Each structure stands twice: as structure tokens, then as C-alpha cells.
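The first residue of the sequence shown is numbered 1, and numbering continues consecutively from there. The shown structure was predicted, so the numbers you read here are calculated from the model rather than taken from an experiment.
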Amino acid sequence: MAACVCALILGMEGCAGSVERWIVNTRVNQGASALDRGNLHESLLAYQLALRVGPNDPRARAGFSAVSMEIADNDYKHAHFDDALATLNAAAKYDPGSVRVEALRSQIEQAKLKREIVVSNYPTYSSAGAQIAKAYISLAESNAALLHSLKRFNYSYDTNDLTKAIQQSYELNLEVAKNTNRLIAYRQLVESGVPEAAKGQQSLMPAASLLPLP
């Protein structure tokens, strides 16, 4: 009788172990599948669920770390430094001593420190940078218009189209020169800070006024 009871208990334990392995395998496969589809947060959730059942499973640990790295890198590239560091802290629990995790952490911490310096030197850097980016997008549109004039000549054979392209080229070169000067001034302000004489006027003038044009 005792032997039967022992066999039953062992059988139940073996069954429980099989169920746990099945759950872990299922969640790991779901994590890998979501990652292949580019759904990082769904993948991370699947690996988290796998780790709840099998915290020592090497596939779940490696998958969680890899996806966490992807998410942290995306947050870093969007300047969400605190979110990225929190994600890396979670990854480090399952991938302690990872060179890749520590390298990204160091990169983010350095960027965070540099941002604090830039903000203290030049509080309106973000809006000024956005205006410069917008100006370069406009250059791309002007270049596309110039190419359209050249392509039009290929079927119209009207030299007026070439004249228009030449005029657009002159205008484009002028805007390129202006934007280059903006970039130079922007870099100087980011590196050296806003002059004391201009700091008191920041609330009265737009950021672009600190970036003189030729």
C-alpha cells in the first residue's frame, strides 16, 4: 500500500514538472514569435511569464535579456533615459555580468549626464534643434522640386524647365549656407552656453533668434 502511495506521489510530481516545462516552452516560443514580428513588449511579457514558472530556464533568461536590451536601446534613442535604465536593471537580474547590458548602461548614463550639461548651458536647445531639423526637411523638399524640373525637361524639352531648375539650385545653395551657419551657431551654444546678456531675454525671444542667419 505504501509503495502505491509513493508511486502516486512521484507520478503527480512528475506530472507537475511536465506541466511546468510545457508552460515554459510555450511562453518561450511565444516570446520568440513576438520578437520575430517586431512586437517587443509582447515578447517581453511572454518571457516574463516563462520566468515566473521557470526562473532558472536558460532560454527564458536569455530571451528576456535580449528583448530588454532592444527595448532599452529604443528608449535610449528616444531620450527616455530613466525608462531605459530601469529596463536594463531588470535585465541584469537574469543576465548578471552581461558586457552588453553594462556597455549600454554606461552609454545611457553618459548621455544623461551630457544632457544635463546641455540643458544647464542652453535651456532652449530642444526647440532650436527642432527648428533646424525642420529647415533641413524643407531642403529635401526643395531638392525634390529641382529634380522634378529636370525630369520634366526630359519629356517637355522646354528650356524654361531648365531655367527653373537653375533658379531652384541657386535658392537651394543659399538655404544650405544659411542652415550650415545655423548648425555652427547651434553647436557653439550647446558647447559654451548662452551668453549672459542673452539669458535674461530668453523668455522674450524665440530660440531661433539665438541662431543668426547670414
Point to revise | Pair Lys112 + Asp82: basic N to acidic O under 4.0 Å | key: yes

Check your understanding: When you look at Lys178 and Arg182, which way does the side-chain contact (heavy atoms from CB on, under 4.5 Å) test go after all the steps?
Key -> CA-CA 6 Å; Lys178 288 180 179 179; Arg182 283 186 172 188; 5.7 Å; no

Review point. Do NZ/NE/NH1/NH2 and the carboxylate oxygens of Glu102 and Arg105 come within less than 4.0 Å?
Key: yes

Check your understanding: Under a 4.5 Å side-chain heavy-atom rule over Ile, Leu, Val, Met, Phe, Trp and Tyr, are Val190 and Ile184 clustered together?
Key -> no

Review point. Between the side chains of Ser33 and Arg37, does any donor sit under 3.5 Å from an acceptor?
Key: yes

**Study point:** No-hydrogen, no-angle side-chain donor-acceptor test under 3.5 Å, Ser149 and Asp161
**Key:** no

Review point. Within a strict 4.5 Å, meaning less than it, do heavy atoms of the Asn74 and Leu40 side chains meet?
Key: yes

Point to revise | Shared hydrophobic cluster for Leu172 and Leu183 (ILVMFWY, side-chain gaps under 4.5 Å) | key: yes

Practice item. Check Val194 against Leu189 and note the closest heavy-atom contact, atom names and distance. Key: CA-CD2, 4.1 Å

Check your understanding: Is there side-chain contact between Asp57 and Leu51, with heavy atoms separated by less than 4.5 Å?
Key -> no

Check your understanding: Is the number of heavy atoms from other residues, nucleotides or ligands within 6.0 Å of CZ (Arg115) greater than 12?
Key -> yes

Review point. Any side-chain heavy atom of Glu171 within less than 4.5 Å of one from Gln167?
Key: yes

Exercise for review: Would you give the length of the straight line joining atom CD of Gln30 to atom CG of Asn39, rounded to the nearest 0.5 angstrom?
Suggested key: 12.0 Å

Check your understanding: Linking I/L/V/M/F/W/Y whenever their side-chain heavy atoms sit closer than 4.5 Å, directly or via other members, would Val28 and Ile23 fall into one cluster?
Key -> yes

Check your understanding: Do Tyr186 and Tyr122 have side chains that get closer than 4.5 Å, going by heavy atoms?
Key -> yes

Point to revise | Taking every non-hydrogen atom, the tightest pair across Thr87 and Ser68 | key: CG2-O, 3.4 Å

Review point. Would you say Glu109 and Leu113 make side-chain contact, with heavy atoms under 4.5 Å?
Key: no

**Study point:** Minimum-distance pair of heavy atoms, taken over all atoms of Phe64 and Gln48
**Key:** CE1-CG, 3.4 Å

Review point. Is any side-chain heavy atom of Asp75 closer than 4.5 Å to a side-chain heavy atom of Phe81?
Key: no

Study note, to complete from the structure: Closest non-hydrogen contact found for Lys93 with Arg61 is O-NH2, 3.9 Å

Exercise for review: Kindly check if the number of other-residue, nucleotide or ligand heavy atoms within 6.0 Å of CZ (Arg59) is above 12?
Suggested key: yes

Check your understanding: Would one find more than 12 heavy atoms of other residues, nucleotides or ligands at under 6.0 Å from atom OH of Tyr157?
Key -> no

**Study point:** Distance-only polar pair, side chains of Arg21 and Ser18, donor-acceptor under 3.5 Å
**Key:** yes

Check your understanding: Does any donor atom in the side chain of Glu116 or Ser120 lie under 3.5 Å from an acceptor atom in the other side chain?
Key -> no

Review point. Is Trp22 linked to Val53 within one hydrophobic cluster, defined over Ile, Leu, Val, Met, Phe, Trp and Tyr using a side-chain heavy-atom separation of less than 4.5 Å?
Key: yes

Revision key, fill the gap. Note: Gly54 and Val24 closest approach over all heavy atoms is N-CG2, 3.8 Å

Revision key, fill the gap. Besides Leu45, the hydrophobic cluster formed by Ile, Leu, Val, Met, Phe, Trp and Tyr side chains linked at under 4.5 Å, directly or via other members, contains Leu49

**Study point:** With Leu104 via side-chain contact (heavy atoms from CB on, under 4.5 Å) - residues at least two apart
**Key:** Met69, Ala72, Asp73, Tyr76, Leu88, Gln107, Ile108

Check your understanding: Does Asn179 reach the side chain of Ile132, with side-chain heavy atoms less than 4.5 Å apart?
Key -> no

Point to revise | Donor-acceptor contact below 3.5 Å, side chain Ser138 vs main chain Lys134 | key: no

Check your understanding: Which heavy atom in Arg27 sits nearest to a heavy atom in Ala50, and how many Å separate them?
Key -> CB-CB, 3.5 Å

